[in-house]
Amino acid sequence: MWTCMALLLLSVISASGELQQEDTEPRRLPPPGKLDFGYVPAGVYETLAHYEPGPIGILFHLVHAFLHAVQPNAFPHDLMVKLAKDKFGAIQTEYQKPENIVLTLQAIYYEIGFLVCAAVGLMFIVLVPIVGLFFCMCRCCDNCGGEMHQRQRKNADCRRGLLGTLLFSTSLVITIGVLCAYAANQNLSSQVKNIRRLVNSNMRDLHTFANDTPTQIDYLISQYATAKNKVIYDLDNIGPLLGGRIQQHLDKEVHPALDQVLNMAGAMRETKEALENVSVSLVVLQEGAGKLNFNLSQVRNRINRTLNDPGCHDEESDATTAQLCNNIRLSLSQLQISANFTRLPNVNPQMEKMNNLQKTNLGAIVYKGFSSLNDTPHVVIEQTRSVVNNVQNLMDGIGNNISSFSKGFPVQTCLSNFTIFISHAHAKIEDYYPEIDKMDFYRWIGCITLCCMVVLVLAFNYLGLLCGTLGYDKHASPTTRGCISNTGGTLLMAGVGFSLIFSWVLMGVVTVLFLAGGNMEKLICEPFQTKELFKVVDTPYLIQPEWRNFIPGYLYNDSHLELTAESLYSTCKQNRGIYSAMRLDKVFNISSFLNTTVFTKDVVGQLDNVKIDLRGIILLEAEGKQNLRDFSEAGLSEINYADYLEEVNKGVTAVDVLSFAKELESQTDLMPRGALQASLKAHVGTLQQIHRQQIVPMEQAMKYVRARTALNQSMRFLERTASDLPNKVIAVLDAIEAAQYLISQNATFLIHRETRKYTATIIGYFHQYIEWVKTSLALEVAPCKPFSNILDTAEIMTCGFLVDSMNTFWMGLGCSTLFLLPSIILAVKLAKYYRRMDTEDVYDDALDNWN
């Protein structure tokens, strides 16, 4: 049967073995994505190998306590091993040898409690009939209470009551004992009826085991598709998975470099816009400053001509007027513009170069580089297409090999044979049920007969006490006692007679049952619960001198395999798989037997052939690089930014024209009235008009304000951009070259590393399947709980049903038998007070008077 079970699981082990790698493989696997293989379909075993005796369990515990008091010694492991190895042969034939004498003494020491109790029982068996015989002969000779004469005593009533009470108490104890024996007898009969149920339940569990195992094996094999589908999915998505990882690592170096170029393209665009702003603003400001300068020059010339009036320097003119004219003439030099934009050169050469640079779309070139880098997954897909196809073909080959290999084992034949074996065994057991029922009936009749012996004695005792008590008349003399009282005494003596007849027989039965049941409890039942019995069975070289462990030596011819009865029972008790319970992993080395690692080696070999070439990725074309160099040579450094900023920061005029007009007007007011004064006042009005119509707009109108602001900001931006521009462009070009070199030359290590990670992930799915199969085989597939249940059921039927009931029976019957002795004594003495005597003591009245 075990060989059949081993073959049954061989196909599953082989399926996992085909994916198994050699132990010497140095590859370290990172934890791949967790695969969900679901739950192995499991049958439900209905046998509950646990026995609860119910209320009678109290009596069982009392028996166990009594046996522990009789036999408190520990289980004699060494003694049992020596006896088992010797097979009792040498002790019987060569018992005089010292070592055999020692073994005999050890056995006697262990059994001393049972031997003492057995000796007491033998003494009871021998002495009670002998004493009873002499007692009867003595009474026949009118001795030992046989004389029908009773002395009159003053405490007769007290003695009669005491004897009656003691006999009744003793009878109650005997009654309790016989009830315990009867309960144990009935319990055993009722439990015998449960044997059929337990056996049928165990057989159904064995059928469940046989029927569910193929389904579980098929499920394990079918779950290879889960790993296969995941592998195929990852192979179909090798671009995003492998190429995406490579791109992600390249992005750390490439992306910043391309961003720098993209920033430089933005700077070029902003530079061109700034130059355009400078050109437009300069035109606006030059136009406004030119008109203002022209008008101020005209006013200044007119005032000079006016000051040339004879009234300012003739001898006839007033000295004050001449002085005023002179002061005005000296202040005319201030009447001019301050910010002279007309002297600033234009930026047309720089604008022309920038316009030529803008003809090349540097941003588009950069985005083309980004697109080339982002196309890495597609490149990986194209370059690994043949490898992916080969691996997928290998996956199909592994699946076909698993299916064909599993079909090569006679699983169904083994299951059919195992099922037939179970059915035949069950049929044979069914054939024994009538015999078991018949034997149990005879046993029940025998036990009831023994109980009836005690009940007969109890009936005489109770009836004797009842008749004697009810028929007793304290006024009647011993010779005149009534019939009922006399009948009570006679019944008591009848009980004494039956007690003497039955007690030694009962004690003989009790002694035999005590020795058998007690030793079974101490040597089988208790050691089974504490697993000491397994230690004896698992003793090395016990059954066969050349076998260290019997089970693997018998099943696999390898006695050094660590497979013991205790480990087998414990593993099955935990409802683990028969694969781990029978240690089939050590017996069937499927990996070496089938040389299965060739499959995963082929997969790894194919994936190791992955060659990815990224030299086709161009980050920045030559046109883009030349565009950057031209930008550094656009002439931005030739612009005199200081002159521009100086003019921008100046005011519109050198002097406040309105203040100048007011001052001129105040000086004119000091002159005498005349043509000179009138002319100067006209010039004051002209200056006020210029201030109002030209200067104020140039200071406040949005056109001029925006122009000055744009010119200021653009010049500062251009100054910042031109600052160390050639070095900045060189740095950007160096970054691009470094990133390009990384992709074209140094990406080999990165590609190799990521390819190994990807390969390890693919192989990791196989390893997950293998580990899941191993775990399922050890814990879920073909759980061997039915086999431990068979042993537990045998223990329940032997110890729980038979031994405990038998021990309770002899304890109750033995207690009743022992108390028959005081019952005999008390019944004999009490019968004197109930029976009608032939003679009695007579007292003379005269003598009484004399006294």
Side-chain angles (χ1 to χ4, degrees), residues 30 237-275 353-354 357-384 610-634 636-637 716-758:
N237 292 274
I238 191 172
L241 294 177
L242 178 56
R245 291 176 185 172
I246 295 174
Q247 177 188 343
Q248 183 179 3
H249 287 284
L250 290 177
D251 272 348
K252 296 178 182 178
E253 300 292 336
V254 175
H255 207 285
L258 289 177
D259 282 343
Q260 292 182 33
V261 179
L262 201 60
N263 292 336
M264 193 62 69
M268 293 171 63
R269 184 175 60 255
E270 292 176 355
T271 299
K272 177 178 177 299
E273 294 175 355
L275 289 173
K353 292 182 179 180
M354 292 305 301
L357 290 177
Q358 289 299 307
K359 294 179 180 178
T360 302
N361 193 345
L362 183 59
I365 296 175
V366 173
Y367 283 116
K368 186 177 180 180
F370 274 118
S371 177
S372 180
L373 178 63
N374 294 334
D375 200 40
T376 301
H378 182 71
V379 172
V380 171
I381 291 175
E382 293 299 324
Q383 295 183 3
T384 59
V610 170
K611 304 297 181 184
I612 299 175
D613 186 4
L614 301 180
R615 285 179 293 183
I617 297 177
I618 303 299
L619 297 180
L620 188 63
E621 297 177 350
E623 184 182 3
K625 297 178 182 178
Q626 186 60 43
N627 191 256
L628 288 175
R629 296 189 187 97
D630 292 341
F631 178 50
S632 65
E633 299 172 358
L636 297 180
S637 60
R716 292 187 182 278
F717 171 77
L718 291 173
E719 184 179 23
R720 290 194 304 269
T721 303
S723 176
D724 202 24
L725 179 61
N727 293 333
K728 293 179 181 178
V729 171
I730 291 173
V732 172
L733 292 174
D734 290 343
I736 287 293
E737 292 296 334
Q740 187 68 55
Y741 185 81
L742 171 65
I743 294 175
S744 302
Q745 304 298 329
N746 290 348
T748 304
F749 173 76
L750 171 63
I751 294 172
H752 182 67
R753 184 186 66 189
E754 293 302 322
T755 301
R756 285 182 63 86
K757 288 183 179 179
Y758 178 79

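Screening Ile751, Val380, Asn237 against Leu242 for a side-chain contact (heavy atoms from CB on, under 4.5 Å) leaves a single residue, Val380.
To the nearest 0.5 Å, atom CG of residue Leu241 and atom CD of residue Glu754 are 11.5 Å apart. For the atom pair CD1 (Ile238) and OH (Tyr758), the distance works out to 4.0 Å, reported to the nearest 0.5 Å.
Across all non-hydrogen atoms, the minimal contact from Pro377 to Gly244 is CG-N, 4.1 Å.
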